[in-house]
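Following: one structure in structure tokens, then a few remarks.
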Amino acid sequence: MKIKKFSLIAAIIAFIALCAVPGVAENKAPNQIPGEVAYIAYPVTITPDSNLADWDGIPISKVDTANPKSPDPAQNQYFEYALAADDKNIYIYMHSVDSKIITGKHDTNFWNEDSMEFYFNLTGNFAAKAYGPGIFQINVNPGSIGAKFLTITGVNATSVKVTGKVFKTTDGWAFEAAIPLGKFVPEHGKTIGFQVQANGATSGDRNSQIVWSKLDVKNQSYANPSLFGKAVFFKVGSTDVPAAK
């Protein structure tokens, strides 16, 4: 009986400890620290096909820090994102609330109309102020909704074989994408540079921008990677939440 009693007590203590870790007991990764640290659920494999069932249990984070928000309350007031990874890819989901999609009006300058962007720095040099191998910006636009490919632009975008799908939602549009890790090896607690943002237009040129990183207050991430925030790989089932390095 004593053994059973002690086993029950140990189980209760373990459960309490797990619940004490923010966002871990109910999710596959901790919740973001807004504008500073995102967590990448690992190892999780996502099929970027617009079926969001793969993201079950992975925190979807809201971003509403604007520079500025759209003058139209039904457009580009916020966006959402989520991150996951396995040994081969990082996966990202982004969703924009947008009642009127503006696309295909600025040739390849997709940043000047409705579009969403993500940035990664896989080099470990988070002070880098210029782009180089392993640091890239990917702009995804809604012009390829329903297509079997992504139309992308961005700094070093052609060096990364991003795949995924853009799709319409009831309140706007979204995409899922897979980004090859190459020789980068993910592990619990490993940190990378990370940034996400949404561009919005109500009729013509961009007139709103929602930016995640607190370091980037003047829309300079496209030129200066040191303004990215950070993302940390989190092994699913872990009870510790590693700090960004």
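Computed over heavy atoms, backbone and side chain alike; hydrogens, waters and symmetry mates excluded.
Between D72 and S99 the shortest side-chain heavy-atom distance falls below 4.5 Å. Side-chain contact between F184 and K190 is present, with at least one heavy-atom pair separated by less than 4.5 Å. A heavy-atom distance below 4.5 Å is found between the side chains of P186 and L181. Side-chain atoms of T163 and L150, non-hydrogen and from C-beta on, never get closer than 4.5 Å to each other. A heavy-atom distance below 4.5 Å is found between the side chains of H95 and D171. Side-chain contact check for N121 versus Q195: every heavy-atom pair is 4.5 Å or farther apart. Looking only at side-chain heavy atoms (C-beta outward), F110 and E117 stay at 4.5 Å or farther from each other. Within the 4.5 Å cutoff, no side-chain heavy atoms of E80 are placed close to those of V63.
Between the side chains of T202 and N207, at least one donor N or O sits under 3.5 Å from an acceptor N or O. In this structure, a donor-acceptor pair under 3.5 Å is absent between the side chains of S70 and N76. In the model, Y119 has a side-chain atom that pairs as donor or acceptor with a side-chain atom of Q137 under 3.5 Å. Donor-acceptor pairing under 3.5 Å is recorded for the side chains of N219 and Q209. Between the side chains of R206 and N199, a donor-acceptor pair is found at a separation under 3.5 Å.
The hydrophobic cluster containing V196 does not contain W111, counting ILVMFWY residues as joined when their side-chain heavy atoms lie under 4.5 angstrom apart, directly or transitively. Residues Y222 and F136 fall into different hydrophobic clusters, defined by Ile, Leu, Val, Met, Phe, Trp and Tyr side chains chained together at heavy-atom separations under 4.5 Å. Residues M94 and V160 share a hydrophobic cluster, clusters being chains of Ile/Leu/Val/Met/Phe/Trp/Tyr side chains in contact below 4.5 Å.
With rounding to the nearest 0.5 Å, the separation of CG in D86 from OH in Y42 is 8.0 Å. Separating the OG atom in S213 from the CD atom in Q197 is a distance of 10.0 Å, to the nearest 0.5 Å. Taken to the nearest 0.5 Å, the CG atom of N67 stands 10.5 Å off from the OG atom of S208. The distance from the NZ atom of K165 to the CG atom of N51 is 10.0 Å, given to the nearest 0.5 Å. A distance of 10.0 Å separates OG in S144 from CD1 in I152, rounded to the nearest 0.5 Å. Taking CZ of F175 as the start and CE of M116 as the end, the distance is 5.5 Å to the nearest 0.5 Å.
D114 approaches A201 most closely through the heavy-atom pair OD1-N, 2.9 Å. Contact between K129 and N224 at its shortest, heavy atoms only, is CA-OD1, 3.3 Å. The minimum heavy-atom distance between I102 and E113, with the atom names listed, is O-CB, 3.7 Å. The minimum heavy-atom distance linking D216 with S221 is given by the pair OD2-OG, 2.5 Å. In terms of heavy-atom proximity, P30 sits nearest to P59 at O-CG, 3.7 Å. Scanning all heavy atoms of the two residues, the minimum distance from A38 to L83 falls at CB-CD1, 3.8 Å.
By the 4.5 Å side-chain criterion applied to Ile, Leu, Val, Met, Phe, Trp and Tyr, F167 is assigned to a cluster that also includes V44, I46, L52, W55, I58, I60, Y91, Y93, V236.
Scanning for side-chain hydrogen bond (donor to acceptor under 3.5 Å, both in side chains) contacts around Q220 gives an empty result, with sequence neighbours left out. Remark: K168 pairs with no residue by the salt bridge (charged side-chain N to carboxylate O under 4.0 Å, His left out) rule, at least two apart or across chains. Not counting sequence neighbours, D98 has no partner by the side-chain hydrogen bond (donor to acceptor under 3.5 Å, both in side chains) test. With sequence neighbours left out, the side chain to side chain contact (heavy atoms under 4.5 Å, CB included) criterion links V37 to I33, Y39, V232, A244. Residues that satisfy the ring pair (Phe, Tyr, Trp, His ring centres under 6.0 Å) test with Y131, not counting sequence neighbours, are absent from this structure.
Proximity of the aromatic rings of F120 and F194 is defined here by a centroid distance below 6.0 angstrom, and this criterion is met. Taking the centre of each ring, H188 and F234 come in below the 6.0 Å mark. Side-chain rings of F118 and F228 stay apart, their centers remaining 6.0 Å or farther from each other.
Results of the side-chain hydrogen bond (donor to acceptor under 3.5 Å, both in side chains) test with S115 over N141, T151, N139, T153 single out N139 as the only residue that passes. I92 pairs with exactly one of I138, V140, I179 by the side-chain contact (heavy atoms from CB on, under 4.5 Å) rule, that one being I179.
Judged by distance alone, the side chain of Q32 and the main-chain N or O of S61 form no donor-acceptor pair under 3.5 Å. At distances below 3.5 Å, at least one donor-acceptor pair connects side-chain atoms of N156 with backbone N or O atoms of G132. Under the 3.5 Å distance criterion, the side-chain polar atoms of T47 are left unmatched by any main-chain donor or acceptor of D49.
Ion pairing between a basic and an acidic side chain is recognised when a charged N comes within 4.0 Å of a carboxylate O; K214 and E36 show such pairing.
For the pair K245 and F126, the NZ or CZ position fails the cation-pi test of under 6.0 Å to the six-membered ring centre and within 45 degrees of the ring normal.
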Determine, stepwise, if the pair I90 / I192 fulfils side-chain contact (heavy atoms from CB on, under 4.5 Å). CA-CA 11 Å; I90 294 179; I192 61 175; 3.8 Å; yes

